[in-house]
Amino acid sequence: MASNYDDKVMIDMDNLTTEVAEFKAEKISQDGSKPDFKPVDPKELVNGKVQTRKIRIPANRFTPLKNNWMKVYTPIVEHLKLQIRMNPRAKIVEIRTCKDTEDPSSIQKAADFVRAFSLGFDIDDAAALLRLEELYIESFEIKDVKTLQGDHLARAIGRLAGKDGKTRFTIENASKTRIVLAETKIHILGSFKNIKIARDAISNLILGSPPGKVYANLHTIASRLKERF
C-alpha cells in the first residue's frame, strides 16, 4: 500500500526542470541579455489619453472660490497647460489635460492645489503645492485621537485654536506648516517631517496636555531644526 501511494505523489523532476528552463528562456532575449525598453516620452502619455479630475467644493468655500477664481485659473492654464472649468450647479471644479499639456503629472498637482483651497487653506499657501514636490496634505479628525463629546469636545477645539488663534499660529510657525481647523476636522499642509511635528503637538493638546508644555516641546524641536540647517 505504501509503494502505490508513493508512486501517485511522485513528481517527475526531469519534466519540471525542463518547464522551468523554458519559462526562463521566454523571459530572456536570444542574445542572453535582459529586455531593454526605451524611455517613454511624456507627451505620448498625454496625447494618448485625456486625463480628468473632478474636485468637489464645499458650499462654504464656493464663494471664496469665485472671488479668487483668476488666482486659481491662471497658474493651472498658463503654467501647467491644463484646461479647467467651474460647474456652479454641481459645485465641482473639473480639470483635464489637452494637446498642449507637457507633463502628465501636472494634473495631479493642479487637483491637489484646488483641493487644498477647498479645505480652507489660503490661496497662496495652496499654490505652494504647484511649485514644491515634497509638500503634502494630511487630514484627520479629533475622534481619531480621542473620543470626545459635548463640552469636552468643545474644550479640545478651544485648546487647539487658543485665544485669537495663538496656539494654532505657534504650532504653524514652529513646525513650518499651515493648519486648518474645520469643526472637528484638522488639515495640515507641509512636508512629511513637519506634518509629523504638528500632528504630535495637536494630538497632545487633544489628549489634555497643557499648552505651555506643548509650547516648550515645540520650542525644543524648532531649535534642533535650526541647528541642522
Side-chain angles (χ1 to χ4, degrees), residues 55-65 67-69 71-72 74-76 93 108-148 151-229:
I55 303 93
R56 188 166 299 279
I57 308 299
N60 65 317
R61 295 296 295 170
F62 204 76
T63 298
L65 177 65
N67 297 336
N68 293 274
W69 178 246
K71 292 183 179 180
V72 175
T74 302
I76 291 178
V93 171
Q108 187 58 48
K109 292 182 180 179
D112 292 340
F113 166 50
V114 176
R115 177 175 173 269
F117 182 76
S118 70
L119 292 176
F121 290 100
D122 185 78
I123 186 68
D124 295 328
D125 295 333
L129 289 166
L130 301 177
R131 301 190 302 269
L132 303 175
E133 296 289 342
E134 66 273 10
L135 292 184
Y136 307 93
I137 297 177
E138 180 168 335
S139 301
F140 63 96
E141 296 188 35
I142 293 178
K143 67 179 181 180
D144 296 334
V145 179
K146 185 178 182 181
T147 302
L148 298 173
D151 294 339
H152 297 288
L153 178 60
R155 283 193 291 269
I157 296 174
R159 286 197 301 272
L160 295 179
K163 185 179 180 181
D164 298 327
K166 178 183 177 182
T167 302
R168 178 171 65 88
F169 292 143
T170 302
I171 297 175
E172 286 181 338
N173 294 332
S175 61
K176 296 181 180 179
T177 59
R178 288 294 180 265
I179 301 171
V180 170
L181 302 177
E183 296 181 353
T184 62
K185 294 184 179 180
I186 302 161
H187 310 290
I188 308 174
L189 169 64
S191 64
F192 180 79
K193 291 182 179 180
N194 293 342
I195 286 177
K196 184 179 184 304
I197 294 172
R199 186 181 64 237
D200 291 344
I202 291 172
S203 298
N204 290 333
L205 288 171
I206 294 174
L207 293 173
S209 296
K213 184 178 181 180
V214 175
Y215 293 161
N217 292 336
L218 286 173
H219 180 72
T220 302
I221 294 173
S223 300
R224 291 177 182 174
L225 291 175
K226 289 181 180 180
E227 291 176 358
R228 292 180 182 179
F229 295 102

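Everything numeric here is computed off the predicted structure, so don't read it as measured data.
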Kindly compute the distance separating [atom1] ([X]) from [atom2] ([Y]), expressed to the nearest 0.5 Å.
X	Y	atom1	atom2	answer
I206	L153	CD1	CG	9.5 Å
D124	F117	CG	CZ	10.0 Å
L189	L129	CG	CG	5.0 Å
K176	K193	NZ	NZ	12.0 Å
K185	F140	NZ	CZ	13.0 Å
E138	I179	CD	CD1	11.0 Å

For residues [X] and [Y], report the shortest heavy-atom separation together with the two atoms involved.
X	Y	value
P75	L130	CB-CD1, 3.8 Å
Y136	F192	CD1-N, 4.2 Å
S175	I197	CB-CG2, 3.9 Å
S139	R115	OG-NH2, 4.0 Å
A201	L218	CB-CD2, 3.9 Å
S118	R61	O-CG, 3.1 Å

| side chain to side chain donor-acceptor pair (under 3.5 Å), paired with Y215, selected from T170, T167, T220 | T167

| Test: K109 and E133 ion pair at under 4.0 Å | yes

Give a yes or no on this: more than 12 heavy atoms of other residues, nucleotides or ligands lie within 6.0 Å of atom [atom1] of [X].
X	atom1	answer
N67	CG	yes
D164	CG	no
R56	CZ	no
E134	CD	yes

| message | Would you say that V93 contacts V72 through its side chain, given a criterion of any heavy-atom pair below 4.5 Å between the two side chains? | response | no

| In a check of side chain to side chain contact (heavy atoms under 4.5 Å, CB included) between I137 and each of L119, V180, I188, I195, which one passes? | L119

